[in-house]
Structures are given as C-alpha cells and as structure tokens.
Amino acid sequence: MDFHEVIFSKAFARVHGKDYNRFSYELRESRDYRYKIFYEIVLDENTKWEDVRDRIFPLWIRFLKNKSINPEEATGVVVSLFYRDHFYLLEGKAFIKAFCEMEGLNSSSFHFRVLKWLS
C-alpha cells in the first residue's frame, strides 16, 4: 500500500504549491474558519513510510501536546503536506486516520502509541 495514496486521499484540498500562501491566508480569514494551527510537513521524493511513522508523526504528536491540543484528536489543526509541486491539506483527525490505516491500528492501539511517543 502506497502511503502517499492513503494520506493524500484524506486531504480536503490539493493545490499547486505556488498558491499556498494565498490559499492558507484565505482559509484562515474565512468566516467559518475553524482551524487554529497549520502544521507544515515537506515530503521529498526520498521520504519513506518509515520516516513518517518514526520521525514525522511522533514530532507532530509532541507538537500538539506542547500546544495543549489533544494529540489523539488534533481538533483545530490543519496538516499541510508539501509533495512535489502541490500541497495537500488534511484536518488533523484525517492525518491520524491515515496513520492508523497504514499501521493497522484501532483507537486503543493508537492511544498506546501516543503514550509511548510522549514518554
């Protein structure tokens, strides 16, 4: 299973990279804005699933905890994934769902993984 397909399928927007600043500004300024934080991740051609699983995701979980955001919900967070010449925007919960799908985790298993990363 290609992790790019799994993650990108959960995105609520796919936009050309040159439009990121304008697009994210408009999203932040929109009347129904519900996102407090944008978290940016660059995936280059050499990024493997193991990099996401073992480095990127644990750092993101710790970031959420440091911002006093429940790392198992990620409410109010948008993950901006830059890949090639586009970026993909995912709600935090969708990023978690993609992770769990790739790892075959249920919510209980994910909870214990989060505890391990935070210890």
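Numbering starts at 1 and runs along the sequence shown. These numbers were taken from a predicted model, which means no experiment stands behind them.
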Q: With a 4.5 Å heavy-atom cut-off, do Val15 and Leu89 have their side chains touching?
A: no
Q: Stepwise, does the ring-ring contact (aromatic ring centres under 6.0 Å, His included) test hold for Phe99 with Trp49?
A: CA-CA 10 Å; Phe99 182 87; Trp49 171 247; 5.6 Å; yes
Q: Only counting residues at least two apart or in another chain, list the ones meeting side-chain contact (heavy atoms from CB on, under 4.5 Å) with Lys116.
A: none
Q: With sequence neighbours left out, write down each residue that passes side-chain contact (heavy atoms from CB on, under 4.5 Å) with Ser108, or none if nothing qualifies.
A: Asn106, Phe112
Q: Answer yes if the side chains of Arg113 and Ser109 hold a donor-acceptor pair under 3.5 Å, and no otherwise.
A: no
Q: Taking all heavy atoms of Pro71 and all of Leu118, pick out the closest pair and write down the distance.
A: CG-CD1, 4.1 Å
Q: Report the residues that fulfil ring-ring contact (aromatic ring centres under 6.0 Å, His included) with Phe82, sequence neighbours left out, ordered by chain and then residue number.
A: Tyr20, Phe87
Q: Indicate if Leu59 and Ile96 have the same hydrophobic cluster label, given that clusters are the connected sets of ILVMFWY residues with side-chain heavy-atom separations under 4.5 angstrom.
A: yes
Q: What pairs with Tyr88 under ring-ring contact (aromatic ring centres under 6.0 Å, His included), at least two apart in sequence or on another chain?
A: Phe8
Q: Side-chain heavy atoms nearer than 4.5 Å, only ILVMFWY residues, links allowed to pass through others: does that put Ile69 and Leu115 together?
A: no
Q: So how far is it from Asn46 CG to Asp51 CG, rounded to the nearest 0.5 Å?
A: 9.0 Å
Q: Any pair with a residue in residues 52-71 that passes side-chain hydrogen bond (donor to acceptor under 3.5 Å, both in side chains), sequence neighbours left out, goes on the list, sorted by first then second residue, please.
A: none
Q: If you define the side chain from C-beta out and look only at heavy atoms, does anything of Ile37 sit under 4.5 Å from Val78?
A: no
Q: Got a second to check how far Met102's CE is from Phe57's CZ, nearest 0.5 Å?
A: 12.0 Å
Q: OG/Ser80 to CZ/Phe23 distance, rounded to the nearest 0.5 angstrom?
A: 9.5 Å
Q: Quick check: do Val77 and Leu64 have side-chain heavy atoms less than 4.5 Å from each other?
A: yes
Q: Starting at NZ of Lys97, measure out to CD1 of Ile7 and round the result to the nearest 0.5 Å.
A: 15.0 Å
Q: With a 4.0 Å cut-off on N to O distance, would you call Lys10 and Glu91 a salt bridge?
A: no
Q: Find out whether Leu27 and Phe12 are in side-chain contact, i.e. whether some heavy atom of one side chain is under 4.5 Å from a heavy atom of the other.
A: yes
Q: Closest heavy-atom contact between Tyr83 and Asp44?
A: CE1-O, 3.9 Å
Q: Could you tell me if the side chain of Asp85 sits less than 4.5 Å from the side chain of His16, heavy atoms only?
A: yes
Q: Considering residues at least two apart in sequence or located in another chain, which fulfil the side-chain contact (heavy atoms from CB on, under 4.5 Å) criterion with Arg22?
A: Asp19, Glu26
Q: When you compare the side chain of Thr47 with that of Val42, does any pair of heavy atoms fall below 4.5 Å?
A: no
Q: May I ask you to check whether Phe63 and Trp117 place their ring centers less than 6.0 Å from one another?
A: no
Q: Go through the steps for Ile56 and Leu43 under the test side chain to side chain contact (heavy atoms under 4.5 Å, CB included), then give the verdict.
A: CA-CA 10 Å; Ile56 293 170; Leu43 300 175; 4.0 Å; yes
